[in-house]
Each structure stands twice: as structure tokens, then as C-alpha cells.
Amino acid sequence: DTAVSQTPKYLVTQMGNDKSIKCEQNLGHDTMYWYKQDSKKFLKIMFSYNNKELIINETVPNRFSPKSPDKAHLNLHINSLELGDSAVYFCASSQRRTEVRSYEQYFGPGTRLTVT
Amino acid sequence: AQSVAQPEDQVNVAEGNPLTVKCTYSVSGNPYLFWYVQYPNRGLQFLLKYITGDNLVKGSYGFEAEFNKSQTSFHLKKPSALVSDSALYFCAVRDLNNAGNMLTFGGGTRLMVKP
């Protein structure tokens, strides 16, 4: 009964490859996010996605693109991987709809991406 | 732009003693403030939040935090630390006017509780 799940847990790939990380939430939330945690544990928001409204952190390279097939899923696709993309990527979700807003975000277990 | 500062990279405390993990913030409007905990190789777990109301908020595992508007602080506290509290703690803020409900996190504070 995992609330927010991500696959794969570990991903090792070479520079230049294209890869995807999947995220699913079963909380019924209407907003999902992707965060990047670097080697110094610093967390940075990458995207917020709500009902087809995508808000992008301006520092995120356009090689990164979120794709949402439905409200419960927000996958992260990365083109032309670079060494600096190595990090742990976290998916999260929350409820924004006014009448049931809860504000806090619930995080997945993370995907450790290593680019060689 | 909103920002969060956690001035201590690490806090060491003996088991049974009170603990404080510091957080200060900067936002343009009213803040929504959060504390999260991260155990090794795990995702972040929500501990508590301040949205409005009482300045002292209580959360999971006996933790509490005090919102101080004049000092723009939201320090995390616990009266009696446990060894199992050892983890990485993150303070986060959301500006009321922030589109996308995106959180800005502090750099994290590692809490070490020694027996």
C-alpha cells in the first residue's frame, strides 16, 4: 500500500543515453513533483505538475521533461544524460484543490541515478 | 524569491537531552513552513507544518516547532532525544503566492543522537 512509488530504485547508465524514471501515487492527489538531491544532500525542485499545468524551475535543462499519462503518474524523461545528472531523484505528490487542500507533500523512496 | 537557511550542518545531542534544529526563512508573503526527516537511503517523511494559527505546532514522533514571525524562524524541537531520531532533517517553505505549490528546502541538518 505504498503511497508514492518510483521505479527503478537504482539506474546506472552511460553518458549520452536517454532514460526514464517512473512515479505513481495512490493518494488521489492532484499535484505531483520531481526533486533532485545532489551528493551534498541539497534538494531542489525541478517540476510541479497539476491538471496539465506544468511549472518548471527555470534552472532545469530542457533535456529533462516530465510526462503525465494520468493524474496518478508523473514520469521523468532525461535525454542525453550527462555526468552532472548523477543524483537521487525524488517524486512527490500533494493535494492542491482548495476544499481538501493539505499542503504537505509526500515523497517517494527515490531513484539513484549514476551516469558513467 | 523564497529561501530557507539551516545554519548547522550537524547537531549532536545525548540521548534523553532536549534537541533543537534551527531554521530561518525568507518569503515575500505569509509562509507555509514544513519539517521533513530523511533516514539513510529513504525518501523524505513529513513531520509537521505551520500554515496558520498557534505558533507552536506539534508533529510526528514527539517533535514540535515554533513559528516566530519577528525572527523569521521555525526551529524544530524535541524535549527528549532518542537514538532513533538520528537522521537528516530538512526545513522547507512555500510562499503563499508561489505558483505550483513548490517547496524550497534548506540545506539539511544532520542530527546525531548518542547513547
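Chain A is the first sequence line, chain B the second, and so forth, proteins listed ahead of strands; every chain is numbered from 1.
A continuous path of ILVMFWY side-chain contacts below 4.5 Å connects A/Tyr89 to A/Met15, so both sit in one hydrophobic cluster. Note: the hydrophobic cluster containing A/Ile21 also contains A/Leu83 (ILVMFWY, side chain heavy atoms under 4.5 Å, direct or indirect links). Residues B/Leu111 and B/Tyr39 share a hydrophobic cluster, clusters being chains of Ile/Leu/Val/Met/Phe/Trp/Tyr side chains in contact below 4.5 Å. Hydrophobic cluster membership differs between B/Leu56 and B/Leu48, with clusters built from Ile, Leu, Val, Met, Phe, Trp and Tyr side chains linked at under 4.5 angstrom. Side-chain heavy atoms closer than 4.5 Å link hydrophobic residues (I, L, V, M, F, W, Y) into clusters, and following such links, even through other members, never connects A/Val12 to A/Leu76.
Remark: B/Lys49 NZ to A/Gln105 CD distance equals 11.5 Å, nearest 0.5 Å. A distance of 9.0 Å separates CZ of B/Phe90 from CZ of A/Phe42, quoted to the nearest 0.5 Å. Separation of atoms CD1 (B/Ile51) and CD (A/Glu104) is listed at 7.5 Å; rounding is to 0.5 Å. The distance from the CG atom of B/Leu44 to the OH atom of A/Tyr35 is 9.0 Å, given to the nearest 0.5 Å. Atom CG of B/Leu88 and atom NZ of A/Lys41 lie 7.0 Å apart (nearest 0.5 Å).
Annotation for B/Gln10: atom CD counts as buried by contact number, over 12 foreign heavy atoms lying within 6.0 Å. The number of heavy atoms from other shown groups lying within 6.0 Å of CZ (A/Arg63) is above 12.
Contacts of B/Gln38 with chain A are made by side-chain atoms alone, with heavy-atom separations under 4.5 Å and no backbone atom involved. Residue A/Lys44 does not touch chain B at all, counting heavy-atom pairs closer than 4.5 Å. Contact annotation for A/Gln37: only side-chain heavy atoms (C-beta onward) come within less than 4.5 Å of a heavy atom of chain B.
Ring geometry, B/Phe46 versus A/Tyr106: the interplanar angle falls from 30° to 60°, so the pair is classed tilted.
Minimum interatomic distance between A/Ile45 and B/Met102 (heavy atoms only, all atoms of both residues): CG1-SD, 3.4 Å. Minimum heavy-atom separation, A/Lys9 to B/Asn41: NZ-O, 4.0 Å.
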